[in-house]
**Student:** 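Right, I'll just put the structure down here and ask away after.
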Amino acid sequence: QVQLVESGGGLVQAGGSLTLSCTAHGHSLGQIAVGWIRQAPGKQREGLSCISSTSDATYMTNSVKGRFTISRDNAKNTVYLHMTNLKREDTAVYYCATDSGFDRGLGCGQWGSWGQGTQVTVSS
């Protein structure tokens, strides 16, 4: 099972930008789709985004579409979540996870291995 580690979280002002990284340890990410999920305090986890193994397909949920983008660099074994125009409601723990079905057309959300999460706090 692939081990994923998120990094890049922190405190940012509303309207600011932040890029999160998800790096695999011990396994290659080059053959599996990866996504991002967040959990705000007191709220259900929200699937945000997925990217296919070859970057030819992406998904972004409507709540962040137009502000967030997902990308990957398989040579660096890393998937990124680029966040712009951050809002207070974006405050959450952000997780990356493998997705076993996105490459097969099953949509975004068949989560497998999860990272430990990284905290994003947006102030205003």
**Student:** Where do Val5 and Gln116 land on the side-chain contact (heavy atoms from CB on, under 4.5 Å) test, with the steps shown first?
**Tutor:** CA-CA 6 Å; Val5 179; Gln116 84 290 345; 3.7 Å; yes

**Student:** Do the non-hydrogen side-chain atoms of Arg104 and Gln110 ever get within less than 4.5 Å of each other?
**Tutor:** no

**Student:** Taking atom types as modelled and ignoring hydrogens, do the side chains of Ser113 and Gln3 form a donor-acceptor contact shorter than 3.5 angstrom?
**Tutor:**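 No donor-acceptor contact under 3.5 Å links the two side chains.
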
**Student:** Looking only at heavy atoms, which two atoms of Thr58 and Phe102 are closest? And how far apart?
**Tutor:**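 Closest approach of Thr58 to Phe102, heavy atoms only: C-CZ, 3.8 Å.
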
**Student:** For Ser63 and Arg38, which heavy atoms make the closest approach, and how far apart are they?
**Tutor:**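 So the minimum-distance heavy-atom pair works out to OG-NH2, 3.9 Å.
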
**Student:** Tell me whether Val93 shares a hydrophobic cluster with Val120, the cluster being built from Ile, Leu, Val, Met, Phe, Trp, Tyr side chains joined at under 4.5 Å.
**Tutor:**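 No: no chain of side-chain contacts under 4.5 Å links Val93 to Val120.
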
**Student:** Between Tyr80 and Leu20, is the side-chain contact (heavy atoms from CB on, under 4.5 Å) condition met? List the steps.
**Tutor:** CA-CA 6 Å; Tyr80 304 95; Leu20 307 181; over 6 Å; no

**Student:** Can you tell me how far apart CG (Leu81) and OG (Ser71) are? Round to the nearest 0.5 Å.
**Tutor:** 8.5 Å

**Student:** Give me the atom names and distance for the closest heavy-atom approach of Trp111 to Ser49.
**Tutor:** CH2-O, 4.0 Å

**Student:** Do Thr118 side-chain atoms and Gly9 backbone N/O form a donor-acceptor pair below 3.5 Å?
**Tutor:**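 Flag set: sc Thr118 to bb Gly9 pair under 3.5 Å.
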
**Student:** Roughly how far, to the nearest 0.5 Å, is the CG atom of Asp99 from the OG atom of Ser52?
**Tutor:**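 Spacing of OG (Ser52) from CG (Asp99) equals 10.5 Å.
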
**Student:** Take the angle between the ring planes of Phe68 and Tyr94 and call it parallel below 30°, perpendicular above 60°, tilted in between.
**Tutor:**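 The arrangement is tilted - the two ring planes meet at 30° to 60°.
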
**Student:** Give a yes or no on whether Tyr59 and Ile70 share a hydrophobic cluster (residues Ile, Leu, Val, Met, Phe, Trp, Tyr; joining criterion: side-chain heavy atoms under 4.5 Å apart).
**Tutor:** no

**Student:** Run Leu48 and Ile37 through side-chain contact (heavy atoms from CB on, under 4.5 Å) and show every step you take.
**Tutor:** CA-CA 5 Å; Leu48 296 177; Ile37 312 98; 5.9 Å; no

**Student:** A cation-pi test, strictly: NZ or CZ of Arg45 under 6.0 Å from the centre of the six-membered ring of Trp114 and no more than 45 degrees from its axis. Yes or no?
**Tutor:** yes

**Student:** Taking all atoms of both residues into account, what is the closest heavy-atom pair of Val122 and Thr91, and its distance?
**Tutor:** N-OG1, 2.9 Å

**Student:** Decide if atom CD of Gln13 counts as having more than 12 heavy atoms of other residues, nucleotides or ligands within a radius under 6.0 Å.
**Tutor:** no

**Student:** Under 3.5 Å, is there a donor-acceptor pair between the Asn77 and Thr23 side chains?
**Tutor:** no

**Student:** Which atoms form the tightest heavy-atom contact between Arg72 and Val34, and what is the distance?
**Tutor:** NH1-N, 3.9 Å

**Student:** For side-chain contact (heavy atoms from CB on, under 4.5 Å), just list the numbers for Thr61 and Glu46, CA-CA rounded to whole Å, side-chain angles, deciding distance to a tenth of an Å, and then say yes or no.
**Tutor:** CA-CA 9 Å; Thr61 195; Glu46 177 186 21; 4.1 Å; yes

**Student:** Taking all heavy atoms of Asp103 and all of Ser53, pick out the closest pair and write down the distance.
**Tutor:** OD2-OG, 2.8 Å

**Student:** So does Cys96 get a backbone contact from the side chain of Glu6, meaning a donor-acceptor N/O pair under 3.5 Å?
**Tutor:**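 Looks like yes, one N/O pair under 3.5 Å.
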
**Student:** Hey, are the side chains of Val64 and Asp90 touching, using non-hydrogen atoms and a 4.5 Å cut-off?
**Tutor:** yes

**Student:** Nearest 0.5 Å please: distance from the OG atom of Ser124 over to the NZ atom of Lys87.
**Tutor:** 12.5 Å

**Student:** Would you indicate whether the side-chain heavy atoms of Thr121 and Val12 approach each other to under 4.5 Å?
**Tutor:**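 With C-beta onward as the side chain, the pair stays apart.
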
**Student:** Side chains of Thr78 and Ser21: is there a donor and an acceptor less than 3.5 Å apart?
**Tutor:**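 No - no donor-acceptor pair under 3.5 Å links their side chains.
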
**Student:** Cluster question for you: counting only ILVMFWY and a side-chain heavy-atom cut-off of under 4.5 Å, with indirect links fine, are Tyr95 and Ile51 together?
**Tutor:**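 Hydrophobic grouping puts Tyr95 apart from Ile51.
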
